[in-house]
Amino acid sequence: MVSDITLGQYLPGSSFIHRMDARAKILLLITYIVFIFLCSNAISLLLVALFTLFIVLFTRISFMKYLKSMRVILFVVLLTGIINLFYGSGEPLVEWWIFKVTAAGIYNAVYVIVRIALLMMISAALTFTTSPSDLTDAMERLMKPLAIIHLPVHEIAMMMTIALRFIPVLLEETDKIMNAQKARGADLDSGNLINRVRALLPVLIPLFISSFRRAGDLAMAMECRCYNGGNNRTRMKVLHFSSVDLIAAIVSLLVFSSVIVSNIMFKNPFV
Amino acid sequence: MDDFIDVKNVYYSYDPEDEKETEYALCGVDLKIGIGEFVAIVGHNGSGKSTLAKHFNSIYLPTSGDITVEGMNTKDDDKLFDIRKKVGLVLQNPDNQIVAGIVEEDVAFGCENLGVPPDEIRKRVDDSLAAVGMIEYARHSPDKLSGGQKQRVAIAGIIAMQPSCIVLDEPTAMLDPKGRDEVMSTIRKLNSEMNITIILITHYMEEAVLADRVVVMDSGKILTEGSPREVFSQVELLKQHRLDVPQATELIYKLRGCGFELPKCVLNEEECVEALSKLIK
């Protein structure tokens, strides 16, 4: 049951997006996030939406996978949409008790839902096409300048690698402990919220203890393999920018500049 | 045979501060290990065999006494990485010693730490995975592998650092019989084909029989050592110290006790069958 969760799932492949350098993907994702919030009218939003679909198609991963990854946050998306619905100013279209739905409210709600959905989709495209270690390696390299202000960049990247590695291990362990406690008569899934939280305690304590033991073992295994922090470390896979990244950057640049153009040319009627 | 590791009168206490009644996990161990040797260290729980294993690459340092690896003292801080490069350690739980989320990247971890150039790492990773028979799983995630496969990946991670010696601390204790066979045949192959010195810590006597030399430990001391045949012919001594002997050895020992004419020491099933069929004829 707990092992159903797929976090940062990587789906190996050789598509255009897979072949991009992880650093390029992260940088373009950040620019994308900025631009999706800069879209101030329907045309620019449509432009970004088409661009996103285009990327999703180019990853050659079935659309169902993307929908599944969005299912988790469906509730949050709908909730923010509904809240936005009632927060528009102007003439109310429908009025009931203290709730007023205005045209601007509907407009905002649709905007917010589309934006979050697009963000989820593009982030899924990143994690689907990039192996966890490439991702952490890229982050380490991109954050390198921050080492000047004594940010432990290598250590953060190593922590992420280990965390990603041990998520499935700990999930499996949780399952085992839950079964062991159930076999001793623990009632984990009935009663009210407080009782349920209390019932989780005998699961969490063994999980904590075994995590500390694992951490000790892992530290020893890393020492055995001469781990000495980030100093003088080399990597088997060297990240390098290629023509693929250049093409991606040019395409994105074109899309983002047309967003700016459309923002200037078509004014949003509700702002 | 040249001495590769030399253990001289080593005492070790987990809690040396407590002066009143210091309990030693190792009390005066002397041991020499030659290049290319396959040594099994056996003993029951708490005999100090795992503690000793962690001394060979200076994870633990002796409370008193010295250990040298190719003349380098394990207490010498400057030589720490040289020693760990020479002597690799494989632990009991395969899950807890795999660092990266993809097999080949985990195998590369040690080489990356040593600052080996990328092309060279690639070659070493492929060679090590081939040596343990895991090359087809190079791009897999370790979670999907069986215990025996994970343990072989852990061994590959050590081989990639090209050590002269591998210490394995009960590598098969958490594995099923199939995984145990996989790991044991990998270890024997490394010893015979790549001439890597093997120190195998185990409590399975059937595994110890495969070694060139068996060292038996009990309460922090070396009880006896010698070839498997020499050691397992001392059935009474081992029994006194609550240690097992291989099943075949035990059977023949008991039959001899009943007055049957049988060879003094039998190590494995084949020898046992041969001895028994001779007797029946």
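Letters A, B, ... are given to chains in the order of the sequence lines, protein chains preceding strands, and every chain is numbered from 1.
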Trainee: When you measure from the side chain of E112(B) to the backbone N and O of M236(A), does any donor-acceptor pair fall under 3.5 Å?
Mentor: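 Indeed, once roles are kept as given, a pair shorter than 3.5 Å links the two residues.
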Trainee: What distance do D95(B) atom CG and E173(A) atom CD have between them, rounded to the nearest 0.5 Å?
Mentor: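 Spacing of CG (D95(B)) from CD (E173(A)) equals 9.0 Å.
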Trainee: For R165(A) and I98(B), work out which heavy atoms get closest and say how close.
Mentor: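 Shortest heavy-atom contact: NE-O, 2.9 Å.
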Trainee: Under 4.5 Å from any heavy atom of chain A, what part of V125(B) do you find: side chain, backbone, both or neither?
Mentor: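 Just its side chain gets close to chain A.
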Trainee: Using non-hydrogen atoms only, which part of V107(B) is less than 4.5 Å away from chain A: side chain, backbone, both, or neither?
Mentor: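 V107(B) touches chain A through backbone heavy atoms alone.
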Trainee: Please find the pair of heavy atoms, one from A221(A) and one from N96(B), that lie closest to each other, and give the distance.
Mentor: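 Looking at all heavy atoms of both residues, the closest pair is CB-O, 4.3 Å.
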Trainee: Quick one: closest heavy-atom pair of M161(B) and C224(A), and the distance?
Mentor: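 Scanning both residues completely, I find the closest heavy atoms to be CE-O, 4.1 Å.
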Trainee: Closer than 4.0 angstrom, basic N to acidic O: yes or no for K54(B) and E223(A)?
Mentor: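 Result for this pair is no, no salt bridge flagged.
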Trainee: Mind ranking P117(B), G110(B), A154(B) by heavy-atom pairs under 4.5 Å with chain A and telling me who comes out on top?
Mentor: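 The answer is G110(B).
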Trainee: Between R139(B), Q92(B), R124(B), E120(B), which residue shows the highest count of heavy-atom pairs closer than 4.5 Å to chain A?
Mentor: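 Heavy-atom pairs under 4.5 Å are most numerous for R139(B).
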Trainee: Find the distance between CD1 (I102(B)) and CG (D134(A)) and round it off to the nearest 0.5 Å.
Mentor: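 Reported to 0.5 Å precision, the distance equals 7.5 Å.
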Trainee: Looking at V169(A), L218(A), V238(A), which one has more heavy-atom pairs under 4.5 Å with chain B than the rest?
Mentor: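 Top count of heavy-atom pairs under 4.5 Å with chain B: L218(A).
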Trainee: Considering residues, nucleotides and ligands other than F54(A), do more than 12 of their heavy atoms fall under 6.0 Å from its CZ?
Mentor: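 No, the 6.0 Å shell around CZ holds no more than 12 heavy atoms from other groups.
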Trainee: So for I59(B), is it side chain, backbone, both, or neither that comes closer than 4.5 Å to the heavy atoms of chain A?
Mentor: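 Just its side chain gets close to chain A.
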Trainee: Above 12 or not: heavy atoms from other molecules or residues under 6.0 Å from NZ of K75(B)?
Mentor: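 It does: K75(B) NZ has more than 12 such atoms within range.
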Trainee: Surrounding NZ of K237(A) (heavy atoms of other residues, nucleotides or ligands, distance under 6.0 Å), is the total greater than 12?
Mentor: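 More than 12 heavy atoms, drawn from other residues, nucleotides or ligands, come within 6.0 Å of this atom.
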Trainee: Among the options P142(B), G101(B), G115(B), pick out the one with the most heavy-atom pairs lying under 4.5 Å from chain A.
Mentor: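 Counting heavy-atom pairs under 4.5 Å, the top option is G115(B).
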Trainee: From L91(B) CG over to D217(A) CG, what is the distance, rounded to the nearest 0.5 angstrom?
Mentor: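 L91(B) CG to D217(A) CG: 6.0 Å, rounded to 0.5 Å.
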Trainee: Let me confirm one number: the CZ-CD1 distance from R235(A) to I121(B), rounded to the nearest 0.5 Å.
Mentor: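 Rounded to the nearest 0.5 Å, the CZ-CD1 separation comes to 8.5 Å.
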Trainee: Can you tell me how far the CG atom of D106(B) sits from the OG1 atom of T161(A), to the nearest 0.5 Å?
Mentor: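 Interatomic distance, D106(B) CG to T161(A) OG1, rounded to 0.5 Å: 11.0 Å.
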Trainee: Using a cut-off of under 4.5 Å on heavy-atom pairs, state which of A215(A), G229(A), C226(A), P12(A) scores highest against chain B.
Mentor: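 Sorted descending by pairs with chain B, the first entry is C226(A).
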Trainee: Could you have a look at N232(A), N228(A), T234(A) and say which one has the most heavy-atom pairs with chain B under 4.5 angstrom?
Mentor: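 Option with the top pair count is T234(A).
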Trainee: Give a yes or no answer on whether the side chain of R225(A) reaches the backbone of N113(B) with a donor-acceptor pair at less than 3.5 Å.
Mentor: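 No: the side chain of R225(A) does not pair with the backbone of N113(B).
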Trainee: Is T136(A) close to chain B through its backbone or its side chain, or both, or neither, when contacts mean heavy atoms under 4.5 Å?
Mentor: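 Neither part.
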Trainee: Looking at A100(B), A160(B), S58(B), which makes the most heavy-atom pairs under 4.5 Å with chain A?
Mentor: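 Of the options given, most contacts go to A100(B).
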Trainee: Are there over 12 heavy-atom neighbours, none belonging to F128(A), within less than 6.0 Å of that residue's CZ?
Mentor: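 Result for CZ/F128(A): enclosed.
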Trainee: Quick check for you: among V116(B), L114(B), I158(B), N57(B), which has the greatest number of heavy-atom pairs under 4.5 Å with chain A?
Mentor: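 Ranked by heavy-atom pairs under 4.5 Å with chain A, first place is V116(B).
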